[in-house]
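Data block below; observations after.
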Amino acid sequence: MPEPTEPKDFIRTIVEQDLRSNKHGGRVHTRFPPEPNGYLHIGHAKAICIDFGVAADYGGLTNLRFDDTNPSKEDMEYVESMKRDIHWLGFDWGDREYYASDYFEHLYAYAVQLIKMGKAYVCDLSPNEMREYRGTASEPGRESPYRNRSVEENLDLFARMRAGEFDEGSRTLRAKIDMASPNFLMRDPVIYRILKVPHQRLGDQWCIYPMYDFTHCLSDSLEGITHSLCSLEFENNRELYDWYLETLDVFRSHQYEFSRLFLSYTTVRKRRLLPLIQAGIASGWDDPRMPTLAGLRRRGYTPESIRAFCDAIGVSKANSLIDVAMLEHFVRQDLDNRAPRVMGVLRPLKVIIDNYPEGQVEQMTAYHHPSYPERGTRQVPFSRELWIEREDFMENPPSKFFRLGPGREVRLRYAYFVTCVGVDKDANGEVTALHCTYDPATRGGDAPDGRKVRGTIHWVSAESAVPAEVRLYDRLFKVENPDEGDPLENVNLESRTVLEGCYVEPSLADAPAGSSYQFERQGYFCVDPDSTPGRPVFNQTVGLRDTWAKIAGQG
RNA sequence: UGGGGUGUCGCCAAGUGGAUCAAGGCACGGGACUUUGACUCCCGCAUUCGGAGGUUCGAAUCCUCCCACCCCAGCCA
């Protein structure tokens, strides 16, 4: 009878309460408010999933709003990349694309209103003086000597600030709240500062810009945002958020905070990632090892997998460090279901089938996806000379090793059983080629006599193999929490391995950039834009779980 | 140091009208299946809920005190 209710997070619980009490007339309206000062990353993905997800769950809307109040740090270039990334992730804001700068005139009027109410004043303290006046955690701050200017004088001074009469940094407009508040943000916070920098959208229309706390709550209010969701570090700001809305007596939006996403072995901090790009360790913000959405996309992560991940980690107020293995699990899960299977040899070893007719080529039928036969098949050419994976052969294999070794028989996936009958070596004793014989009766991979074989290995016909480059990746940092310590010291310099002499099956010759495949027995790979016709370049998204590696690792 | 927060299995995270409710996922271990040592499928995995007291027949859930960690003193967001 009582249906097992899906556990909800605390935010959805609040939204449901508000819905039940008809707090906003049944309306749920959220917003995603990035500052256009960089690229969106996995941490933003969590916020996006929450902002859009909560609204969608209750039939509400989500606005995209660029929080562009600091032109010295922002650029329109980021606006475009952010829009593309959000769409790629799978969310849409309809025609509700807003900018805090849309509200500058309105915000200015609110500031004038505060002045008229005696709740704001122009302050001439320098940045250093202001810091001194602010006090400390144990001592209250002191009131600015300019705190009690008349409304008329404040109005005049503020108008002249806007007119550009004063130097940058010489004056600010401040809210008159409480210099003794235990919350620093309430000790007469700055509302407007002078910044003689042209705005990326408005040009030189303004030389004073509103601060975040003032802008954000009023933008929310103006847009009718019911639930303003943000991360934990803004908990202290909520008191100010509420003060502005209450004092100006405008629509009351409410702010709720959830914990940011932290991933092990990962940092999303620009100050820590940029040095890696500058040092040439990473190729750019879309390097496949980057935690940016652009990087994850190039790496082969799917939007679905990122959304499933965000869904799984939940929403709470507890600081947490999530194991990257969790993220990897969700790409594997998604790609396992959708990626077509192909064969590719990363570290090739030549195999010659001694008893196979020279010059003969057979087409072997292989499933695009064995779990879904309805997805069809493809033909894979087979011939006398093949490439197999070097690590699928051992000259002195332990008993647990199911692959090829002298005298051992294995199945070539979708082809024949072969037995190793000889090993060619060079002067250094390095294995250069294997000689095998095949059993013609096992075509397709089944032995009519019921004979079993422990190992099945993948291969590519040498005569039609397509040369390819494969880039293998490992975590970018060697330490679990790269937010601490020297970023350049903690980087994993072996996080990228470029393999140039790989061979893949012919069907991959012109695979389109961005498409994902499972190289059987190896992992998921995504075609990189660096590919050229006839020579694809693959990025390893994530490897398959490798039980053998664990067994071998134990000795 | 003042204020604001958080502490449930190795990592996330449900569970707060008190009484077989300590969900689920990841990771890990074992087994089955297998033309991917993949996938899938079984099984195992906190007598215990930051700690100590207290109230009670009974507390992760209520009370008291304590401890740890995170955030705040940008004219950043």
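Throughout, a chain's letter reflects where its sequence line sits, starting with A, and its residues are numbered from 1. The figures here come from the full heavy-atom set of this structure, side chains too, leaving out hydrogens, waters and symmetry mates.
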Quick one: label [X] by what it contacts on the DNA or RNA (base, sugar-phosphate, nothing), any heavy atom closer than 4.0 Å.
{"X": "T172(A)", "answer": "base"}
{"X": "A318(A)", "answer": "sugar-phosphate"}
{"X": "P34(A)", "answer": "nothing"}
{"X": "F234(A)", "answer": "base"}
{"X": "M211(A)", "answer": "sugar-phosphate"}
{"X": "F262(A)", "answer": "nothing"}

When you check the phosphate oxygens OP1 and OP2 of [N], does a side-chain N or O of [X] lie under 4.0 Å from one of them?
{"X": "R142(A)", "N": "A73(B)", "value": "no"}
{"X": "R238(A)", "N": "G4(B)", "value": "no"}
{"X": "T69(A)", "N": "A77(B)", "value": "yes"}
{"X": "K550(A)", "N": "C28(B)", "value": "yes"}
{"X": "R454(A)", "N": "U34(B)", "value": "no"}
{"X": "T547(A)", "N": "A38(B)", "value": "yes"}
{"X": "R332(A)", "N": "A38(B)", "value": "no"}
{"X": "S316(A)", "N": "A13(B)", "value": "yes"}
{"X": "H458(A)", "N": "U36(B)", "value": "no"}

So, does the side chain of [X] form a donor-acceptor pair with the base of [N] at under 3.5 Å?
{"X": "Q518(A)", "N": "U36(B)", "value": "yes"}
{"X": "N183(A)", "N": "G2(B)", "value": "no"}
{"X": "R403(A)", "N": "G37(B)", "value": "yes"}
{"X": "N319(A)", "N": "C69(B)", "value": "no"}

For this session: Would you say whether F402(A) stacks on G37(B)? The test is a distance between ring centres of less than 5.5 Å and an angle between planes of less than 30°.
Result: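 The base of G37(B) is stacked with F402(A) (centres under 5.5 Å, planes under 30°).
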Exercise. Is W548(A) stacked on the base of G37(B), with ring centres under 5.5 Å apart and planes under 30° apart?
Worked result: yes
For this session: Scan R451(A), K452(A), R454(A) and name whichever one has a salt bridge (Lys or Arg N to Asp or Glu O under 4.0 Å) with E409(A).
Result: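 Among the candidates, only R451(A) passes.
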Problem set entry | A68(B) to A22(B) separation - C1' atoms, rounded to the nearest Å |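 Comparing C1' positions in A68(B) and A22(B) gives a spacing of 23 Å.
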Exercise. Taking the same atom, C1', in A23(B) and in A13(B), what whole-Å distance lies between them?
Worked result: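 Comparing C1' positions in A23(B) and A13(B) gives a spacing of 9 Å.
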Problem set entry | 5'-to-3' dot-bracket of RNA chain B (Watson-Crick, G-U; under 3.5 angstrom; crossing pairs as [ ]; | other strand) | .(((((((.[[[..)........]]].(((((.......))))).....(((((.......))))))))))).....
Problem set entry | Side-chain (Y209(A)) to main-chain (V197(A)) donor-acceptor, under 3.5 angstrom |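 It does hold such a pair.
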For this session: Check side chain to side chain donor-acceptor pair (under 3.5 Å) between E132(A) and all other residues, then give those that pass, not counting sequence neighbours.
Result: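 Checked E132(A) against side chain to side chain donor-acceptor pair (under 3.5 Å); zero matches.
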Problem set entry | Donor-acceptor pair between Q379(A) and T365(A) side chains, under 3.5 angstrom | yes
